[in-house]
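Here's the structure, in structure tokens; my notes come after.
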Protein chains: 2
Amino acid sequence: MTSSLGAELAQRGVAPDCVRTIELVRDVLARVGDKWTLLTLTVLAPGPLRFTALHDQVAGISQRMLSQTLRGLTRDGLVTRTAYPHVPPRVEYALTPLGRSLCEAVDGLVGWVRDHQSDIARNRDEFDQAPAASTATRPYP
Amino acid sequence: MTSSLGAELAQRGVAPDCVRTIELVRDVLARVGDKWTLLTLTVLAPGPLRFTALHDQVAGISQRMLSQTLRGLTRDGLVTRTAYPHVPPRVEYALTPLGRSLCEAVDGLVGWVRDHQSDIARNRDEFDQAPAASTATRPYP
DNA sequence: CAGTATCCGACCTGATACTG
DNA sequence: CAGTATCAGGTCGGATACTG
């Protein structure tokens, strides 16, 4: 933001096609930030897994949501879906190089969250306990 | 993921409190990934802005969503809200150091998206045009 | 100016049941 | 085993109208 995005709309005036970029970023963030994607990606990181294994490990996800999440990831080329023509069907999901690189990019954010989660938690507590202070404070007399 | 998160659940067995971390990450990602937060943060990056200015610059946001987004950000300590006791009310929003550091962390992701958005777009197109291939492909005979 | 209140439709999610 | 179909509940987001 400060560097890449911030630079793009350095002067605050307009945001020409910078908005497009943000839209795309938001799109990806929304995907990564949805309820199950990050968990699924993480579980998939060590290696390929089949549907049921995923369903077990993601813990709490419904079949519906899992297959939906996986389809989205597959569509974006972040994971591969390989179906083996067996009698009990066998389908394996694995990260693609692209998916792996996304995981690495997400790592920075993960680190940030780990470093600052306590700050955020504290801020929330303070905010929730003192909702009256907002209108009272006046920076200059 | 590959480094920090990946290391944490190196062996795939269980994910003890690693899941907690992921939950927190997801929480932050969900905030950043929601419809307006990233845009708001970006617009706020160059410097403080008042409510109406934000409403103008975010382009498309409703008052409701803007105040909701800002309240969330304020609650997390990512932006400050300063109300000046004037007759026409004047309220300014600005990034906190924490908010600024989040922006920097997001930068990595922004860069990734810029580098790979064309890949994703292409993958989606391919996927959408060949929905029949999924069951047909068999890796080994 | 800087919001809040209210209503409403769209979408996201989970639970359950069913199939190739 | 690996999903899809269907339904119900909740949340998200926008439009509009109203205040201190």
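Here the structure is a predicted model, which means the values were calculated and not measured. Residue numbers begin at 1 in each chain, while the letters A, B, ... track the order of the sequences.
In this model, the phosphate group of C/dA2 is approached by a side-chain N or O of B/Arg50 to a distance below 4.0 Å at OP1 or OP2. Considering only side-chain N and O atoms, A/Ser67 lies under 4.0 angstrom from the phosphate OP1 or OP2 of D/dT4. Put simply, A/Thr52 has a side-chain N or O that comes within less than 4.0 Å of OP1 or OP2 on D/dA2. The phosphate of D/dC1 has neither OP1 nor OP2 within less than 4.0 Å of any side-chain N or O from A/Tyr93. A sub-4.0 Å separation between OP1 or OP2 of D/dG3 and a side-chain N or O of A/Arg81 is present.
Straight-line distance from the CG atom of A/Leu70 to the C1' atom of D/dA2: 11 Å, rounded to whole Å. Rounded to a whole Å, the CD atom of A/Gln68 is 9 Å from the P atom of D/dT4. Rounded to an integer number of Å, the gap from CD of B/Glu92 to C1' of C/dG3 is 16 Å. Atom NZ in B/Lys35 sits about 14 Å away from atom P in C/dA10, given to the nearest Å. To the nearest angstrom, P of D/dG3 lies 12 Å from NE2 of A/His55. Atom pair B/Trp36:CH2 and D/dG13:C1' shows a separation of 9 Å (rounding to whole Å applied). One can place CZ of B/Phe51 at 10 Å from C1' of C/dT4, the figure rounded to the nearest angstrom. Computed from coordinates, the B/Ile61 CD1 to D/dG14 P distance equals 7 Å when rounded to whole Å.
Residue B/Gln63 places its side chain closer to D/dA17 than to any other of D/dA17, C/dT13, D/dT4.
Interatomic distance, A/Thr69 OG1 to A/Trp36 CH2, rounded to the nearest 0.5 Å: 8.5 Å. Distance check, rounded to the nearest 0.5 Å: CD1 of A/Ile61 to NZ of A/Lys35 gives 9.5 Å.
Salt-bridge formation is not detected for the pair A/Asp125/A/Arg122: no Lys NZ or Arg NE/NH1/NH2 atom is positioned less than 4.0 Å from an Asp or Glu carboxylate oxygen.
Between B/Phe51 and B/His55, the two ring planes are parallel [angle under 30°; tilted spans 30° to 60°].
In a base pair of the Watson-Crick type (N1 to N3 plus N6-O4 or O6-N4) or a G-U wobble (N1-O2 and O6-N3), with each distance short of 3.5 Å, C/dA5 is matched with D/dT16.
Remark: the backbone N or O of A/Leu78 is paired with a side-chain donor or acceptor of A/Thr96 at under 3.5 angstrom.
Heavy-atom distances to DNA chain D give each of A/Pro88 and A/Arg71 a nearest nucleotide, and the one nearer the 5′ end belongs to A/Pro88. For the pair A/Val87 and A/Gly60, both in contact range of DNA chain C, the more 5′-proximal nearest nucleotide belongs to A/Gly60.
A/Arg64 comes within contact range of at least one nucleobase, with a heavy-atom separation under 4.0 Å.
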